[in-house]
Amino acid sequence: MRVNKSLIPTLKEEPSDAEVTSHKLMIRAGLIRQLSAGIYTFLPFGWRAMLKAINIIRQEMNAIGGQELLMPSLNPTELWHETGRDQDMKDILFSIKDRDFLLAPTHEEIISDIARREIRSFRELPQIWYQIQTKFRYEPRPRFGLLRCREFIMKDSYTLCATQEQLDKLYNLHEYAYRRIFTRCGLKYIVVGASSGMMGGSGSQEFMVPSEAGEDRTAFCEKCGYAANTEIAQGILEPFEPAEITGKKKVYTPNLRTVEEVSEFLKIPRAQMLKSLLYVAEKDDSPVMILIRGDQQLNEEKLVQYLKSPIRPAHPEEVQQWLGAPAGFIGPVNAPDNIKILADKSYPVNVPFATGANEKDYHIMGYTLSETKVDDTGDFRIINEGEKCVECGNPLKVRVTIEIGHIFKLGTKYSESMGALFQDSEGTQKPIIMGSYGIGVGRILSSAIELYADDSGIVWPITIAPFEVIITALDITNDKIKEVAEKLYNKLLSEGVDVLLDDRDERAGVKFKDADLWGIPIRITVGKLTAEGKVEVVLRRDTANRMAVDIEMAVAKVKELRLMLYNEIESSAKKLKEKTYQKSRFALIYHRNDC
RNA sequence: CGGGGCGUGGCGCAGUUUGGUAGCGCACAUGGUUUGGGACCAUGGGGUCGGAGGUUCAAAUCCUCUCGCCCCGACCA
């Protein structure tokens, strides 16, 4: 490809509506253009990078026995009604006005429909079906370029199995394929335990790239490899030193509502307060009180998981009505029976606590959890950096991360509701056991840019770079330079190298700046050294190190560097083995350096 | 959905408080001088100020409604 007359528009200035590095650079380097919130055009450069990533994905999916297919984006709403997700996912669905169709945000329904039509026997199982296709989700708040879009390209695959063992096997194969994919894309990532959320099912893991541009928080242990999304992560709290409380008493605490205020007033540690929070489980509008150690925070996601229902904080009027006191003065003691009381395990059962008295301006102290009505105890707490790892006791770290892939064991949720059955060896009809697995292709590009970009622009891993090599021909009006550049360009092309020729009649500075911005891994500069029979070869990641190479040797040199760059990445991928992570369910996999 | 900000040539912005009929930088075109890290000079083209309605002799500027984009939060396979 030649730069002259090509659509690769670069910008000197940062676009005003971009916030994070990858978004700014994708626009400045001419990879994408926005059409609407969360909806982007891929310009030639951006699309080339996407295709590189897609190619890798395709190779690895095929390698584990995946069969590529393509399902329609236009789905009859009726199919979605069968699983109830036309309602459950209503908020993110794009529906077609006046036609009973929707734009698919995922394809479990369609897969199940194909399965129930085509699969009859256990002999036809297991299956891995995948596609790489555009998804539509009405994200309430698209942001950060390709990191959260309303229309985006996803690789989604689905496994259909006859037994749990088969599911485990195919799930593990996906985990392996994903690690190879992300490693081959040059990413640094961690595999973490995750919440199954709306998808349902028995287990899931996310593939996370540590980056400040992310929207998730991941807790991980550098010693044993434990890693989990903070939505589900557990940790061990340091015990606190309780103050002595003699007897049970009610104390007058006028206008003191917060844990800080009350603990100070009562002269007890914050941790000794029993924080009581009233929520409403929205599936049946029932009130739930959560008890948590005063210095800790409720993790709403964990509560949602436990209740298997969306939740909301109770309105102030509801608190008053159900407990007879305003928020700030509520507690489990003497709470009405219809309120479900859940205690976070962070508070020790035999240490007397202070909490609201369910009476305005009063708190009570001296009760212990063992003598309080508690319906259940569980983990409902947000963990904090520095807490001890539940597996090895090492202090945990918490990092912001980008989710680039997610794998789920779905079970039979969809096959049951849609009647996707098979006959087992004994002749009985059973629902197919399913799994589903997603990769956000655009997020691979964003993550790579976030990881490696420098002040001058993008630094692509060679495997997903739009081009492997750029020839910067300075002063293209000089016949000798033009001749050498063209010769090298054609030679590299004929050798199968993915090369871009900057043949514009621009000044040197413009071309260098653009080359840096584009981030193509290897650059050949054809300029004044041509008179001495040489060209200059540099790596984008190390532009200070310039190599003067004889023109005749240039192609060989470039191929050598190219091979080296590929080897750096591919050798990491070769080291990956299926289930090397057996010891722990979670593994830290870093492609290059430590994060 | 709650809170905040912003919509002015292709891009980045000023002008809005105190209404008087649109300006700067970059980009673009032409000519010239330059030519290894986003050149310089000259000339020139392009916008009616997100949209609709209103107030006024007069609206980018004031009022009402509306659309869009961005940020924080909520939400999120």
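Just so you know, these numbers use all the heavy atoms, side chains as well, and skip hydrogens, waters and symmetry mates. Per chain, numbering begins at 1; letters A, B, ... match sequence-line order. Bear in mind the structure is a predicted one, so any value in this text is a computation, not a measurement.
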Across all strands, who's sitting opposite [N] as a Watson-Crick or G-U wobble pair, both distances under 3.5 Å?
{"N": "B:G46", "result": "none"}
{"N": "B:C24", "result": "B:G12"}
{"N": "B:G68", "result": "B:C6"}
{"N": "B:U35", "result": "none"}
{"N": "B:G53", "result": "B:C63"}
{"N": "B:G73", "result": "B:C1"}

Look at all strands and tell whether [X] reaches a base, only sugar-phosphate, or nothing, counting heavy atoms closer than 4.0 Å.
{"X": "A:Arg150", "answer": "nothing"}
{"X": "A:Phe144", "answer": "sugar-phosphate"}
{"X": "A:Thr477", "answer": "nothing"}
{"X": "A:Asp514", "answer": "base"}
{"X": "A:Arg546", "answer": "base"}
{"X": "A:Leu529", "answer": "base"}
{"X": "A:Glu215", "answer": "nothing"}
{"X": "A:Pro105", "answer": "base"}
{"X": "A:Asp156", "answer": "nothing"}

A:Ser417/A:Glu82 under side-chain hydrogen bond (donor to acceptor under 3.5 Å, both in side chains): CA gap, chis, key distance, verdict: CA-CA 6 Å; A:Ser417 58; A:Glu82 292 189 39; over 6 Å; no
Upstream residue (5' side of RNA chain B) when A:Tyr158 and A:Ala37 are each assigned their closest nucleotide: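 On the 5' side of the pair lies A:Ala37.
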Earlier contact from the 5' end, RNA chain B, for A:Thr525 and A:Leu35: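 The residue closer to the strand's 5' end, by nearest nucleotide, is A:Thr525.
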Nearest-Å distance for atom pair CZ/C1', residues A:Arg217 and B:C75: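 So the two atoms are 17 Å apart, to the nearest Å.
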Does a nitrogen or oxygen in the side chain of [X] sit under 4.0 Å from OP1 or OP2 of [N]?
{"X": "A:Ser16", "N": "B:C13", "answer": "yes"}
{"X": "A:Gln34", "N": "B:G68", "answer": "no"}
{"X": "A:Lys12", "N": "B:A27", "answer": "yes"}
{"X": "A:Arg141", "N": "B:C75", "answer": "no"}
{"X": "A:Thr472", "N": "B:G36", "answer": "no"}

Any donor-acceptor N or O pair under 3.5 Å, side chains A:Arg85, A:Tyr414: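 A donor-acceptor contact under 3.5 Å links the two side chains.
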Work out how far the [atom1] atom of [N] is from that of [M], and round it to whole angstrom.
{"N": "B:C28", "M": "B:G38", "atom1": "P", "value": "16 Å"}
{"N": "B:G25", "M": "B:A39", "atom1": "C1'", "value": "16 Å"}
{"N": "B:G50", "M": "B:U16", "atom1": "C1'", "value": "16 Å"}
{"N": "B:G12", "M": "B:G53", "atom1": "C1'", "value": "32 Å"}
{"N": "B:U48", "M": "B:A60", "atom1": "C1'", "value": "8 Å"}
{"N": "B:A22", "M": "B:U18", "atom1": "P", "value": "23 Å"}
{"N": "B:C76", "M": "B:U64", "atom1": "C1'", "value": "36 Å"}
{"N": "B:C69", "M": "B:C11", "atom1": "C1'", "value": "16 Å"}

With hydrogens left out and only the distance checked, is there a donor-acceptor pair under 3.5 Å joining [X]'s side chain and the base of [N]?
{"X": "A:Glu506", "N": "B:G38", "result": "no"}
{"X": "A:Arg523", "N": "B:G37", "result": "yes"}
{"X": "A:Arg143", "N": "B:C70", "result": "no"}
{"X": "A:Glu536", "N": "B:G36", "result": "yes"}
{"X": "A:Asp475", "N": "B:G36", "result": "no"}

For the side chain of [X], starting at C-beta, report the closest nucleotide among [options].
{"X": "A:Ala508", "options": "B:G37, B:C69, B:C75", "value": "B:G37"}
{"X": "A:Arg507", "options": "B:U34, B:A74, B:G37", "value": "B:U34"}
{"X": "A:Phe512", "options": "B:G38, B:G25, B:G36", "value": "B:G36"}

State whether [X] and [Y] are salt-bridged, where the test is any N-O pair (Lys NZ or Arg NE/NH1/NH2 against Asp/Glu carboxylate O) under 4.0 Å.
{"X": "A:Lys413", "Y": "A:Glu108", "answer": "no"}
{"X": "A:Glu385", "Y": "A:Arg399", "answer": "yes"}
{"X": "A:Arg58", "Y": "A:Glu68", "answer": "yes"}

Near-ring test A:Tyr40/A:Phe152, centroid separation under 6.0 angstrom: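 No, ring centres 6.0 Å or more apart.
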Parallel, tilted or perpendicular, as decided by the 30° and 60° cut-offs, for the rings of A:Tyr138 and A:Phe94: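 Aromatic pair A:Phe94/A:Tyr138 classed perpendicular.
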Salt bridge (Lys or Arg N to Asp or Glu O under 4.0 Å) between A:Glu14 and A:Lys24, intermediate numbers included: CA-CA 6 Å; A:Glu14 289 192 343; A:Lys24 287 176 186 166; 3.5 Å; yes
